[in-house]
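Everything below concerns the one structure shown next.
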2 protein chains.
Amino acid sequence: MAADWSNELRTKNLKATPNRVVVLETIAGNNAAMAYSKIQSDLSQLDRVTLYRTLNSLVDNGLIHKVLVEENEAFYATCSSNCSSEEHHHQHVHFRCTNCKEVTCVSSQPINQLEIPGYLVQNFEIQATGVCNLCL
Amino acid sequence: MAADWSNELRTKNLKATPNRVVVLETIAGNNAAMAYSKIQSDLSQLDRVTLYRTLNSLVDNGLIHKVLVEENEAFYATCSSNCSSEEHHHQHVHFRCTNCKEVTCVSSQPINQLEIPGYLVQNFEIQATGVCNLCL
DNA sequence: TATTAAATGCAACATTGTTGCATTTAATAT
DNA sequence: ATATTAAATGCAACAATGTTGCATTTAATA
């Protein structure tokens, strides 16, 4: 996606600090969603609290999204362009491969809208597990 | 669901200890999926490590399932009868209400199977956010 | 270049995850 | 009813992550 993270940050009214840019570059440079522990070890020079606050503000402002899988650890991936501070729209499936353990955002939109009678569905996401294309 | 948790436990080859029964009763007695912190405070007499191991083993053996929402905390709910140690099958949506903050398992099956070209999908679940029937 | 709101780094503490080990207990055989 | 045994428990201890406050630094702007 966006190579110029500084501009992306300013578009979201966030200061384009070196820390934020390197966090975005790190996550975007990962082929799959990136585990929190890997982000932290790859950026071990970065203060832990700063990373914590940076990730939160990037999620809050629609630049990255947080993927929760069955295990405990959170994964992060950069957002497509239609996310904002108000809402994250992900027309993809969060797929966790039981073989290689990678978590990838698969661009497949089998459902465009989820209807639940009596409920107002504002957002939804699908998490799938199985074997990914590379491991098959 | 099952009122006789002792038998349910033995069916899954787990010893029917008082601790496990009270954990199951507590979670089942909650109208919605129960936040970990609430489970712990409701069962504060229970050793924290025992609760941790109990929850894990109940999840592993298909008696409860773990629901992860966008926030950090895990929620737990009892399983329907078709779960096992091999696989959790949940023909429902995990719905988090942005108003009352409750996480409920909504029995709606808008999709029976998820197809992703090139991938083997073994299991999937849907997490939705919005406004629940009680808050509308 | 000066101003200022935001971001950072550090200390400190809270919560939850995790393992090892000695003790207790549920299930089973006798 | 009792003995046996594998599993469960409770406790200590430590690791990882979440979270806040505050003084200092810095990016954006005037």
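These figures come from a predicted structure and were not determined experimentally. Sequence lines set the chain letters: A, B, ... in the order given, protein chains first and strands last, and positions in each chain run from 1.
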Looking across every strand, which nucleic acid part, if any, lies under 4.0 Å from B:Thr50 by heavy atom: base, sugar-phosphate, or nothing? base
Test your reading of the model: is there a side-chain donor-acceptor pair from B:Thr54 to the backbone of B:Arg20, 3.5 Å cut-off? no
Is there a donor-acceptor pair under 3.5 Å between the side chain of B:Glu102 and the backbone N or O of B:Arg96? no
Reading DNA chain D 5' to 3', what string of ( ), [ ], | and . shows its pairs, if Watson-Crick and G-U wobble pairs count only when both distances fall under 3.5 Å? ||||||||||||||||||||||||||||||
Apply side chain to side chain contact (heavy atoms under 4.5 Å, CB included) to the pair B:Glu125 and B:His94, showing each step before the final yes or no. CA-CA 8 Å; B:Glu125 66 173 67; B:His94 291 148; 3.2 Å; yes
Using the 3.5 Å cut-off, write out each protein N or O paired with an N or O of nucleotides 21-25 of chain D and the distance between them.
from: D:dG21; atom 1: O6; to: A:Arg53; atom 2: NH2; distance (Å): 2.9

Go through it in stages, so that I can follow the logic: the residues are A:Tyr36 and A:Phe75, the test is ring-ring contact (aromatic ring centres under 6.0 Å, His included), and I'd like the CA-CA distance, side-chain angles, deciding distance and then a yes or no. CA-CA 6 Å; A:Tyr36 170 75; A:Phe75 285 68; over 10 Å; no
Phosphate oxygens OP1/OP2 of [N]: is one of them under 4.0 Å from a side-chain N or O of [X]?
X	N	value
A:Gln40	D:dA16	no
A:Ser57	C:dA7	no
A:Thr54	C:dT8	yes
A:Thr17	C:dT8	yes
B:Asn19	C:dA26	no

Rounded distance in Å - [atom1] ([X]) to [atom2] ([N]):
X	N	atom1	atom2	answer
B:Asn56	C:dT18	CG	P	7 Å
A:Asp47	D:dT26	CG	P	14 Å
A:Leu58	C:dA7	CG	C1'	12 Å
A:Leu14	C:dA7	CG	P	6 Å

Answer whether the closest heavy-atom distance between the side chains of A:Glu115 and A:Val121 falls below 4.5 Å. no
The residue, B:Arg10 or A:Arg20, whose nearest nucleotide of DNA chain C is more 5′ is A:Arg20
Quick one: on DNA chain D, does B:Arg48 or B:Gln45 contact a more 5' nucleotide (nearest heavy atom)? B:Gln45
If Ile, Leu, Val, Met, Phe, Trp and Tyr residues are connected whenever their side-chain heavy atoms lie under 4.5 Å apart, and connections chain through other members, are A:Trp5 and A:Leu43 in the same group? yes
The nucleotide from C:dT16, D:dT19, C:dC10 with an atom nearest the side chain of A:Tyr52 is D:dT19
